[in-house]
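In what follows, a single structure is set out as structure tokens and then discussed.
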Amino acid sequence: MGKKKQETYYSQLFGLPILIDYIEPSKYNKKYITNTINKNYTIQKTRQNWLKDDFFKTDIHHSNGDEDNDKFLKIDYSSLKNSYDKIILKYIKNIYPTKEVGLSYKIVNYTASKEKTFMAPHNHIDCDFAMVHYIQFDKEHSQTTFQSPYIHTDMWERGKNIKKYTDSSRIENTWLYPEWQYKMVENQIIVFPSILKHYVRNVASKNLRMTIATNIYLNKA
């Protein structure tokens, strides 16, 4: 936590491999993408009520599964390809340093919100790894909350005793805790195993919070 925004660093969250990196805005057509998202947001602040049959209700503007809706402008993400290629390969090489691994990926969603909204806890289990790009993000905006995959964080009574002697601010100790937030800033990107559940409880802000989500797939080399 608290790393410089240009720094690339690896960590293990709940024992799972994480990469946090930075994409230089001049390397892709950021203005076009953010302007298009903003135009879509002005058309309809809540785009789908995703997981509407779930106990947790997602009520933000997001594009997942709604790409063919002619009501909204389509986004050309091709300018992101070179940056995404490098970051995804960097992450995979850190996990499989001695193996050749075939890769593919797909941008599956963008989110946009400046209201009090909620994105339900979810994971990306139809792929191998996931990536979130904080394309427009400031100090007012809510961080992504990652949930522990270990059920013992809620059920293990003796864990409370261990916590008394443990520094809760150190990521190495997250195996004891149910949730964790990285302090992300605009233009940063995080890559993580797709099994890792996450959610966002957005607060009201003056500026639109925008992220782009990508699914990553391992293929036989």
Side-chain angles (χ1 to χ4, degrees), residues 1-2 5 13 18 20 22-23 25 28-77 79-80 84 106-127 130-148 177-192 194 196-215:
M1 301 175 70
K5 65 181 180 180
L13 177 61
I18 305 293
I20 293 180
Y22 177 84
I23 295 182
Y28 69 99
N29 198 344
K30 178 176 179 175
K31 186 175 181 180
Y32 153 73
I33 294 175
T34 55
N35 283 349
T36 307
I37 292 174
N38 186 68
K39 289 176 182 176
N40 284 342
Y41 180 81
T42 59
I43 294 172
Q44 187 172 310
K45 290 182 179 180
T46 300
R47 181 176 176 177
Q48 305 185 74
N49 288 314
W50 185 42
L51 298 179
K52 58 186 176 181
D53 297 326
D54 195 281
F55 176 78
F56 298 103
K57 300 292 189 286
T58 288
D59 59 356
I60 66 172
H61 178 103
H62 73 99
S63 63
N64 186 33
D66 198 28
E67 295 83 356
D68 295 329
N69 190 332
D70 293 335
K71 185 176 181 179
F72 302 101
L73 298 170
K74 303 295 185 293
I75 300 176
D76 180 359
Y77 293 109
S79 64
L80 282 165
Y84 278 16
K106 179 182 179 181
I107 293 175
V108 293
N109 196 20
Y110 77 76
T111 68
S113 180
K114 59 181 176 181
E115 311 292 332
K116 288 183 178 180
T117 60
F118 186 64
M119 188 170 196
H122 66 283
N123 51 24
H124 298 222
I125 56 173
D126 55 343
C127 63
M131 182 168 73
V132 177
H133 181 187
Y134 295 80
I135 191 170
Q136 186 165 288
F137 194 81
D138 60 35
K139 292 180 179 179
E140 291 184 352
H141 291 148
S142 301
Q143 297 289 345
T144 304
T145 300
F146 292 94
Q147 295 183 312
S148 172
Y177 296 91
E179 296 182 337
W180 179 267
Q181 291 182 344
Y182 285 95
K183 292 182 179 179
M184 306 298 289
V185 298
E186 185 168 301
N187 300 313
Q188 276 190 322
I189 197 161
I190 184 169
V191 192
F192 52 93
S194 62
L196 190 55
K197 270 193 172 183
H198 48 289
Y199 70 89
V200 183
R201 194 182 302 277
N202 289 308
V203 297
S205 60
K206 297 177 182 178
N207 301 314
L208 203 57
R209 179 192 190 275
M210 299 183 191
T211 65
I212 297 174
T214 299
N215 284 352

Does Leu196 form a side-chain contact (heavy atoms from CB on, under 4.5 Å) with Ile18? I'd like the steps, not just the answer.
CA-CA 10 Å; Leu196 190 55; Ile18 305 293; 4.2 Å; yes
Donor-acceptor pair, [X] side chain versus [Y] backbone, under 3.5 Å?
{"X": "Thr58", "Y": "Ala120", "answer": "yes"}
{"X": "Ser194", "Y": "His124", "answer": "yes"}
{"X": "Gln136", "Y": "Leu208", "answer": "yes"}
{"X": "Glu140", "Y": "Asn207", "answer": "no"}
{"X": "Thr117", "Y": "Asn202", "answer": "no"}

To the nearest 0.5 Å, what is the distance between [atom1] on [X] and [atom2] on [Y]?
{"X": "Met119", "Y": "His62", "atom1": "CE", "atom2": "NE2", "value": "6.0 Å"}
{"X": "Thr36", "Y": "Asp76", "atom1": "OG1", "atom2": "CG", "value": "9.0 Å"}
{"X": "His61", "Y": "Asn40", "atom1": "NE2", "atom2": "CG", "value": "5.0 Å"}
{"X": "Asn38", "Y": "Lys114", "atom1": "CG", "atom2": "NZ", "value": "7.0 Å"}
{"X": "Tyr110", "Y": "Asp66", "atom1": "OH", "atom2": "CG", "value": "8.5 Å"}
{"X": "Tyr84", "Y": "Met131", "atom1": "OH", "atom2": "CE", "value": "5.0 Å"}

Side chain to side chain, [X] and [Y], heavy atoms closer than 4.5 Å:
{"X": "Phe137", "Y": "Gln188", "value": "no"}
{"X": "Thr144", "Y": "Thr211", "value": "no"}
{"X": "Val200", "Y": "Ile60", "value": "no"}

In chain order, what residues pass the side chain to side chain contact (heavy atoms under 4.5 Å, CB included) check against Lys39, with sequence neighbours excluded?
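Side chain to side chain contact (heavy atoms under 4.5 Å, CB included) check on Lys39 returns Leu73.
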Do Ile20 and Met184 pass the side-chain contact (heavy atoms from CB on, under 4.5 Å) test, and can you show the C-alpha distance, the side-chain angles, and the key distance before you say yes or no?
CA-CA 9 Å; Ile20 293 180; Met184 306 298 289; 3.8 Å; yes
Using the side-chain contact (heavy atoms from CB on, under 4.5 Å) rule, take Tyr28 and Ile135 through it: C-alpha gap first, then chi angles, then the decisive distance, then the call.
CA-CA 11 Å; Tyr28 69 99; Ile135 191 170; 3.4 Å; yes
Tell me every residue that passes salt bridge (Lys or Arg N to Asp or Glu O under 4.0 Å) with Lys30, counting only those two or more places apart in sequence or in another chain.
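Once residues adjacent in sequence are excluded, the partners of Lys30 under the salt bridge (Lys or Arg N to Asp or Glu O under 4.0 Å) criterion are Glu186.
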Identify, with sequence neighbours excluded, every residue that meets salt bridge (Lys or Arg N to Asp or Glu O under 4.0 Å) alongside Asp70.
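Partners of Asp70 by the salt bridge (Lys or Arg N to Asp or Glu O under 4.0 Å) criterion, ordered by chain and then number, come out as Lys74.
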Do we see a donor-acceptor contact under 3.5 Å between the side chains of His141 and Tyr134?
no
Quick check: Phe192 with Phe146 (ring centres under 6.0 Å apart)?
yes
His133 and Tyr77 aromatic centres sub-6.0 Å
no
Closest heavy-atom contact between [X] and [Y]?
{"X": "Asn64", "Y": "Asn109", "answer": "N-OD1, 2.7 Å"}
{"X": "Gln147", "Y": "Pro121", "answer": "OE1-CB, 3.5 Å"}
{"X": "Tyr177", "Y": "Ser148", "answer": "O-CB, 3.4 Å"}

Could you check Glu179, Gln181, Lys197 and say which one makes a side-chain hydrogen bond (donor to acceptor under 3.5 Å, both in side chains) with Thr145?
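Only one option passes, and that is Gln181.
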